[in-house]
Student: 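This is the structure, below, for whatever I ask next.
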Amino acid sequence: QVQLVESGGGLVQPGRSLRLSCAASGFTLDYFAITWFRQAPGKEREGVSCISSTPTKTFYADSVKGRFIISRDNAKNTVFLQMNSLKPDDTAVYYCATDPILYSGGCPDRWGDPADLAVWGQGTQVTVSS
């Protein structure tokens, strides 16, 4: 089956770092862009970062720019999100997602929109608290 699995979340203190992983199975990520989304309690799901396939381009929400780095390792069929200088406002469930049409190759203009994406991971909890 086609699936994405997130891992790497946990409880960390403000200012610390976490590295999230998004591993694909049942298909290869080589040809697809991937977006990390997050959803905090009581808030809407929002786009965090997107990475294209070839050529590789990256995009970030203003709230995480300069702190988070998205990357991919096609040999491992995995996309990563390195999260540095974490803040309490970063607390959320983090999801990775893609779509065979909307995300074929590059990050679309609406990469931050979670609507109508076909493939989602189960999410991994990130809690930033002192």
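For reference, positions follow the sequence shown, starting with 1.
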Student: Scan E6, M83, Q39 and name whichever one has a side-chain contact (heavy atoms from CB on, under 4.5 Å) with Y94.
Tutor: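 Checked E6, M83, Q39 against Y94; only one passes side-chain contact (heavy atoms from CB on, under 4.5 Å): M83.
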
Student: Of all the heavy-atom pairs spanning S85 and S17, show the shortest one and how long it is.
Tutor: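 Here S85 and S17 meet closest at N-OG, 4.2 Å.
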
Student: Any chance you could measure Y60, atom OH, to I69, atom CD1, to the nearest 0.5 Å?
Tutor: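 One gets 6.0 Å once the value is rounded to the nearest 0.5 Å.
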
Student: To the nearest 0.5 Å, what is the distance between CZ on F80 and OG on S49?
Tutor: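 So the gap between those two atoms works out to 14.0 Å.
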
Student: Quick one: list whatever passes side chain to side chain contact (heavy atoms under 4.5 Å, CB included) with D89, sequence neighbours left out.
Tutor: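 D89 satisfies side chain to side chain contact (heavy atoms under 4.5 Å, CB included) with no other residue.
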
Student: Nearest 0.5 Å, what's the CD1-CZ distance between I51 and F32?
Tutor: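 Output value for this atom pair is 15.0 Å.
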
Student: Answer yes or no: is there a side-chain heavy-atom contact under 4.5 Å between Y31 and S104?
Tutor: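 Result no, sub-4.5 Å side-chain heavy-atom pair not found.
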
Student: Can you list the residues that meet the side chain to side chain contact (heavy atoms under 4.5 Å, CB included) rule with K43, with sequence neighbours excluded?
Tutor: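 Only A40 meet the side chain to side chain contact (heavy atoms under 4.5 Å, CB included) criterion with K43.
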
Student: Can you name the closest pair of heavy atoms from P114 and R45 and give their distance?
Tutor: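 Nearest pair, atom of P114 first, then R45: CB-NE, 3.5 Å.
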
Student: I'd like to check S7 versus T124 (side-chain heavy atoms, cut-off strictly below 4.5 Å). Are they in contact?
Tutor: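 Counting from C-beta outward, S7 and T124 never come under 4.5 Å.
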
Student: To the nearest 0.5 Å, what is the distance between CG on L117 and SG on C96?
Tutor: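 Answer rounded to 0.5 Å: 11.0 Å.
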
Student: Output the distance between atom CG (D90) and atom OG1 (T127), rounded to the nearest 0.5 Å.
Tutor: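 It comes to 11.0 Å.
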
Student: I need the L81 CG to R38 CZ distance, nearest 0.5 Å.
Tutor: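 Here the interatomic distance stands at 9.5 Å.
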
Student: Extract all donor-acceptor atom pairs below 3.5 Å that involve side chains of residues 19-29 and protein atoms in other chains or at least two apart in sequence.
Tutor:
from: T28; atom 1: OG1; to: D30; atom 2: N; distance (Å): 3.3
from: T28; atom 1: OG1; to: D30; atom 2: OD1; distance (Å): 2.9

Student: Is the ring pair W111/F59 parallel, tilted or perpendicular, if the boundaries are 30 and 60 degrees?
Tutor: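 Taking F59 first and then W111, their aromatic rings sit tilted (interplane angle of 30° to 60°).
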
Student: Would you say that Y103 contacts I34 through its side chain, given a criterion of any heavy-atom pair below 4.5 Å between the two side chains?
Tutor: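 No. Closest side-chain heavy atoms not under 4.5 Å.
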
